[in-house]
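Report on one structure; see the data block that follows.
Note that the structure is predicted; figures quoted are calculated from it, not measured.
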Amino acid sequence: MINTPTYRIELRLNGTLIGDVREIAEGLTWRKCRTAYGVDEINFTLNDKLFAEWCEQRNTTISQMLKPYALDARIVRNGEAIIGGYLATMPAYEPQNDSADLKLRFDGYLNLLQGVYIRPTATQTANLDTMIRGWITDAETRATNAGKGFGITYQQGDTLASVQETFDNYKSVKEAIVDRSDNIEGAGQFDLIFNPDRSYYIAKNLGREITAWNLYYPAHLGGQGITNISASEVQGFASHIIALGAGETSSDPNKSTVIVSESTDSTAVAEYGYVENLTQYSSISVQTSLDQKCATNLANATNVKWEPQVTLIGRQTPPSPTADYGLWIGDRINIINKADPTGQTSGRFRINTLEVAVSGTNAETITPEVERI
């Protein structure tokens with residue numbers, strides 16, 4: 001028999017553990033994401049009176065606890081810390097008779113780097129992982145020098161290819177990382193993953209190749225069952241991409257300074273048709289960087305097959321990087337939908353995000369976002 005998981009929601013203020021707030025938290029949801037597909041997030045609601053009592057028992061107050069950026073939440077599932085985040089905003093105050101609900105949102109630590117900017121720089125050449133570590137180290141140093149560091153540390157990670165980078169404008173460290181994480185050319189695709197303790201690592205091939213078991217709809221003996229499956233309308237097809245970079249466009253070629261990259265997928269043209277799509281990247285001033293973006297956009301725009309949206313139950317398919325028959329971001333898994341005569345919702349897919357809703361009894365409903373591979 002598979003047991004219902006245990007959950008803790010550990011609150012830390014300025015790095016110091018205050019306690020577990022799970023018993024009074026309602027509406028717990030959490031989401032873990034690959035770098036190009038969003039930012040980790042934890043959400044739950046606290047009743048202000050119950051929270052005040054919880055704080056008093058720990059010699060603190062609500063006002064002392066509700067400190068955006070200073071308060072962290074860490075989700076511990078079956079004794080394993082799986083996701084962490086910082087209080088992103090002062091929660092809204094919503095009175096309900098003689099008390100109020102406080103809806104807390106904790107963002108993943110990658111969002112801390114949204115508020116630190118890379119200054120305009122001349123062209124640099126280095127391994128991309130070295131550049132990224134340098135950007136983050138500089139952000140940490142600047143925060144420390146200002147009076148309070150982020151506490152971000154690096155774990156051993158993969159080495160990425162050498163690239164050239166030029167910044168003509170200010171760009172946030174987060175934006176610079178995310179922009180480069182999904183390029184199919186250049187340094188290639190990668191993920192920068194934050195652990196619950198604010199450490200991070202860089203992975204070129206995040207996740208596991210799962211072949212010993214499959215996800216089935218309807219439920220099938222010898223595989224994990226899918227409770228619901230659907231697919232949204234597929235839009236945005238293009239077989240030719242025009243990408244514009246930095247500079248000004250003009251009908252006079254002597255006055256036009258914009259850099260341009262164009263790419264066509266002849267196979268997609270033959271199978272579907274010729275459709276152009278125009279994109280603008282005013283912050284990109286290096287031709288090779290724009291070419292990489294153009295190639296990535298073309299690969300995405302020519303995918304017109306359904307990406308299935310599935311719902312799983314945690315007792316059968318745990319949201320965990322270590323549990324038996326569990327799934328985690330980056331994992332590759334076979335989905336077999338016997339009810340789909342087209343076969344398009346079956347195939348091999350990669351997990352890009354995991355969104356988990358946890359009931360009051362810790363029952364989990366899991367909605368992964370998948371991508372065909």
Task: Pair Ser320-Glu80, side-chain hydrogen bond (donor to acceptor under 3.5 Å, both in side chains): steps then yes or no - done: CA-CA 9 Å; Ser320 166; Glu80 178 183 27; 3.2 Å; yes
Task: Check against side-chain hydrogen bond (donor to acceptor under 3.5 Å, both in side chains), Asp340 and Thr342 - done: CA-CA 6 Å; Asp340 175 13; Thr342 73; 2.8 Å; yes
Open item on the list: Name the residue from Arg208, Arg34, Lys32 that meets the salt bridge (charged side-chain N to carboxylate O under 4.0 Å, His left out) definition with Asp331.
Closed with: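 Single salt bridge (charged side-chain N to carboxylate O under 4.0 Å, His left out) partner of Asp331 among Arg208, Arg34, Lys32: Arg208.
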May I ask you to decide if [Y]'s main-chain N or O and [X]'s side chain share a donor-acceptor pair within less than 3.5 Å?
X      : Y      : answer
Arg332 : Gly330 : yes
Ser346 : Asn337 : yes
Glu262 : Ile241 : no
Asn352 : Val370 : no
Asp20  : Arg22  : yes
Gln164 : Val286 : no
Tyr272 : Val275 : no
Ser256 : Pro253 : no
Asp158 : Lys204 : yes
Thr4   : Ala363 : no

Which atom pairs, donor and acceptor, lie under 3.5 Å between side-chain atoms of residues 110-117 and protein residues at least two apart or in another chain?
from: Asn111; atom 1: OD1; to: Lys174; atom 2: NZ; distance (Å): 2.8
from: Asn111; atom 1: ND2; to: Asp107; atom 2: OD2; distance (Å): 3.1

Results of ring pair (Phe, Tyr, Trp, His ring centres under 6.0 Å) for [X] - residues two or more places apart only:
X      : answer
Phe44  : Phe106
Tyr170 : none
Tyr109 : none

TODO: Go through the structure and list residues passing salt bridge (Lys or Arg N to Asp or Glu O under 4.0 Å) with Arg12, not counting sequence neighbours.
DONE: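 Here the qualifying residues are Glu10.
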- [ ] Identify, with sequence neighbours excluded, every residue that meets salt bridge (Lys or Arg N to Asp or Glu O under 4.0 Å) alongside Lys49.
- [x]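 For Lys49 the salt bridge (Lys or Arg N to Asp or Glu O under 4.0 Å) partners, ignoring immediate neighbours, are Asp98.
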Heavy atoms only: give me the nearest [X]-[Y] pair and the separation to one decimal.
X      : Y      : result
Asp40  : Cys33  : OD1-N, 2.9 Å
Arg198 : Gly151 : CB-O, 3.6 Å
Met65  : Leu13  : O-CD1, 4.0 Å
Ile193 : Ile329 : CD1-CD1, 3.9 Å
Gly347 : Arg372 : CA-NH1, 4.4 Å
Asn127 : Leu160 : ND2-O, 2.8 Å

Task: Electrostatic pair Arg350-Glu371, nearest N-O below 4.0 angstrom - done: no
Open item on the list: Whether Arg348 and Glu209 form a salt bridge (side-chain N of Lys/Arg under 4.0 Å from carboxylate O of Asp/Glu) is what I want to check.
Closed with: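 Arg348 and Glu209: salt-bridged.
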TODO: Step through the shown structure and confirm whether more than 12 heavy atoms of other residues, nucleotides or ligands are within 6.0 Å of NZ on Lys171.
DONE: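 Result for NZ/Lys171: enclosed.
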- [ ] Would you indicate whether Asp324, at its atom CG, is surrounded by more than 12 heavy atoms from other residues, nucleotides or ligands within a distance under 6.0 Å?
- [x]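 At most 12 heavy atoms, drawn from other residues, nucleotides or ligands, come within 6.0 Å of this atom.
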Open item on the list: Filter on side-chain hydrogen bond (donor to acceptor under 3.5 Å, both in side chains), then keep only pairs touching residues 130-140, sequence neighbours left out; what's left?
Closed with: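 Passing the test, one end in residues 130-140: Asp138-Arg142.
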By side chain to side chain contact (heavy atoms under 4.5 Å, CB included), which residues pair with [X], not counting sequence neighbours?
X      : result
Asn195 : Gln155, Asp197, Ser199, Tyr201
Val356 : Tyr7, Trp30, Pro319, Val358, Glu364, Ile366
Glu26  : none
Ile184 : Gln189, Ala295, Thr296, Ala299

Task: ring pair (Phe, Tyr, Trp, His ring centres under 6.0 Å): pairs with one or both residues in residues 70-90, sequence neighbours excluded - done: Tyr69-Tyr86
Task: Linked, directly or transitively: Ile313 and Leu327 (ILVMFWY side chains, under 4.5 Å) - done: no
Is the closest side-chain donor-acceptor distance between [X] and [Y] under 3.5 Å?
X      : Y      : result
Thr166 : Thr123 : yes
Thr61  : Ser63  : no
Lys67  : Asn14  : no

